S.K.: 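Got a structure for you, written out below as structure tokens; questions coming shortly.
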Amino acid sequence: DHEMTSMASAGAGLGAVYRSISMVVVPLFLLSISLAMQSAPWAEAQMKELMHKDAETANIRGIAAGKFSEYSRGDLVVYVQSITAMQELKGIFIQDRQHGKLAIITAASGSIEELEDGRYVILKHGERIQGIPGLPQATTESFEEYAVRIENRTSVLRYDQEAVDSVLLWKAGQRIDIAELQRRFAIPLSIIALAFLAVPLAKLAPRGGIYGNIFLAALIYFSYENLRKVAQSWIISGKLHLWYGYASVFVLLLLAGVLLIVRLYGWRWCVKFVSFRAA
């Protein structure tokens, strides 16, 4: 429960403790830079692409082989004989009443595609009958390719800031882009800052319990997380300077660590320690 006191009595001072911690913290810091700046945005982008692909195939999942599927409140009925592994539709039958007139469309094959104004069934090598088949007013036409819109909504893949590559954010140079870059770099910096705070927080009073500083540590971390989020919001809105906003949060963490060390060892010891290290 008093490891810091035991190490100090054996001659391991504050510098020795920080050197030991740095052997773990520095590799984690370097690894977290790669994760925060490259791996995390890449993973976020992959997730967005998978979700977009899932949304695009929603209507294909609704169209099942050997089943009549209704759209536009029953004005559009689609039947597909089979669906290949490559999501190609085979043996398509469509009854279309969307424009007030009956149209029967058949095609050998087709696919679902996302166009600018909606989602379409693209039919290939088929025939379209306008009107009731068998009556003189009915007209028949053949086509190589024909599109039938089954949904007006368009699904466009949009990346959030978290999914944009760090290099692209830096080149864009907008306030929101720089704020996102700072948020990413704040992750590895927090490892260094919190490790700096951990040493004085780990030293307990001689008569203190094992949970003596846990409440203080939780309060510091809670304050840090909220200040970080507020700083990012204020940077984006322009209330804080673009480059000083996040830096102020880490300056406060550094100041808190210095005050904790001073509380434990006193001003005179701290001055001597810094003077000895500088020499």
Side-chain angles (χ1 to χ4, degrees), residues 3-4 14-52 157-203 211 213-262 264:
E3 290 86 354
M4 292 290 290
L14 189 65
V17 175
Y18 274 120
R19 282 195 300 271
S20 301
I21 289 178
S22 66
M23 296 176 65
V24 177
V25 171
V26 172
L28 282 177
F29 170 75
L30 297 175
L31 176 63
S32 64
I33 290 178
S34 175
L35 292 175
M37 305 301 286
Q38 295 182 344
S39 300
W42 175 84
E44 188 73 21
Q46 294 300 309
M47 182 183 70
K48 292 292 182 182
E49 290 177 4
L50 288 173
M51 293 176 65
H52 177 73
L157 176 59
R158 291 186 174 89
Y159 291 103
D160 295 334
Q161 291 298 116
E162 293 84 357
V164 179
D165 186 81
S166 298
V167 176
L168 296 178
L169 289 177
W170 178 260
K171 289 181 178 179
Q174 299 296 322
R175 177 174 288 272
I176 188 172
D177 300 320
I178 300 301
E180 172 61 21
L181 277 177
Q182 294 186 27
R183 183 197 69 81
R184 294 179 186 181
F185 196 66
I187 297 173
L189 279 181
S190 66
I191 295 177
I192 300 293
L194 296 176
F196 176 72
L197 282 164
V199 173
L201 286 172
K203 186 173 177 59
Y211 302 109
N213 289 334
I214 286 184
F215 175 75
L216 180 59
L219 180 62
I220 290 174
Y221 183 76
F222 176 79
S223 302
Y224 159 71
E225 278 294 320
N226 283 276
L227 285 173
R228 183 184 62 79
K229 294 176 182 178
V230 170
Q232 184 180 17
S233 176
W234 284 0
I235 289 172
I236 294 174
S237 62
K239 295 180 180 179
L240 280 179
H241 191 278
L242 185 60
W243 295 104
Y244 298 159
Y246 260 107
S248 61
V249 176
F250 289 98
V251 168
L252 289 175
L253 279 181
L254 179 63
L255 181 61
V258 170
L259 291 176
L260 287 172
I261 293 175
V262 170
L264 291 174

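Treat the numbers as computed from the prediction; the structure is a model and nothing was measured.
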S.K.: Below 4.5 Å, heavy atoms only, C-beta onward: do Ile220 and Leu253 meet side chain to side chain?
M.R.: yes
S.K.: How far apart are the closest heavy atoms of Ala179 and Gln232, and which atoms are they?
M.R.: O-NE2, 3.9 Å
S.K.: Quick one: are Leu197 and Leu194 in side-chain contact, heavy atoms under 4.5 Å?
M.R.: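 Counting from C-beta outward, Leu197 and Leu194 do come under 4.5 Å.
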S.K.: Between the side chain of Ser233 and the main-chain N/O of Lys229, is any donor-acceptor distance below 3.5 Å?
M.R.: no
S.K.: Do Ser34 and Leu30 have side chains that approach each other closer than 4.5 Å (heavy atoms only, starting at C-beta)?
M.R.: no
S.K.: Any non-hydrogen side-chain atom of Ile176 less than 4.5 Å from a side-chain atom of Glu180?
M.R.: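 Side chain of Ile176 against side chain of Glu180, heavy atoms only: no contact under 4.5 Å found.
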S.K.: Please state whether the rings of Tyr18 and Phe196 are parallel, tilted or perpendicular, taking 30° and 60° as the class boundaries.
M.R.: parallel
S.K.: Which heavy atom of Ala193 sits nearest to which heavy atom of Phe250, and what is that distance?
M.R.: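 That closest heavy-atom pairing would be CB-CD2, 4.1 Å.
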S.K.: Provide the closest heavy-atom pair for Pro200 versus Leu260 in the form atom of the first, atom of the second, distance.
M.R.: CB-CB, 3.7 Å
S.K.: What pair of heavy atoms forms the shortest contact from Leu168 to Val164, and how long is it?
M.R.: CB-CG1, 3.9 Å
S.K.: Using 0.5 Å steps for rounding, measure from the CG atom of Leu227 to the OH atom of Tyr246.
M.R.: 11.0 Å
S.K.: Please find the pair of heavy atoms, one from Phe29 and one from Pro188, that lie closest to each other, and give the distance.
M.R.: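 Reported closest heavy-atom pair: CD1-O, 3.2 Å.
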S.K.: Once you round to the nearest 0.5 Å, how far does CD1 of Ile33 lie from CZ of Arg184?
M.R.: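 Nearest 0.5 Å value for the CD1-CZ distance: 14.0 Å.
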S.K.: What I'd like to find out is whether the side chain of Pro41 reaches to under 4.5 Å of the side chain of Asp165, using heavy atoms alone.
M.R.: no
S.K.: Are any of the side-chain heavy atoms of Arg228 and Glu225 separated by less than 4.5 Å?
M.R.: yes
S.K.: Where do Asp177 and Leu181 land on the side chain to side chain contact (heavy atoms under 4.5 Å, CB included) test, with the steps shown first?
M.R.: CA-CA 6 Å; Asp177 300 320; Leu181 277 177; 6.0 Å; no
S.K.: Can you name the one residue among Gln182, Gln174, Arg175 that meets side-chain contact (heavy atoms from CB on, under 4.5 Å) with Ile178?
M.R.: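 The passing option is Gln182.
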S.K.: Quick check: closest heavy atoms across Pro27 and Ser22, and the distance to 0.1 Å?
M.R.: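 The pair with the smallest heavy-atom distance is CD-O, 3.7 Å.
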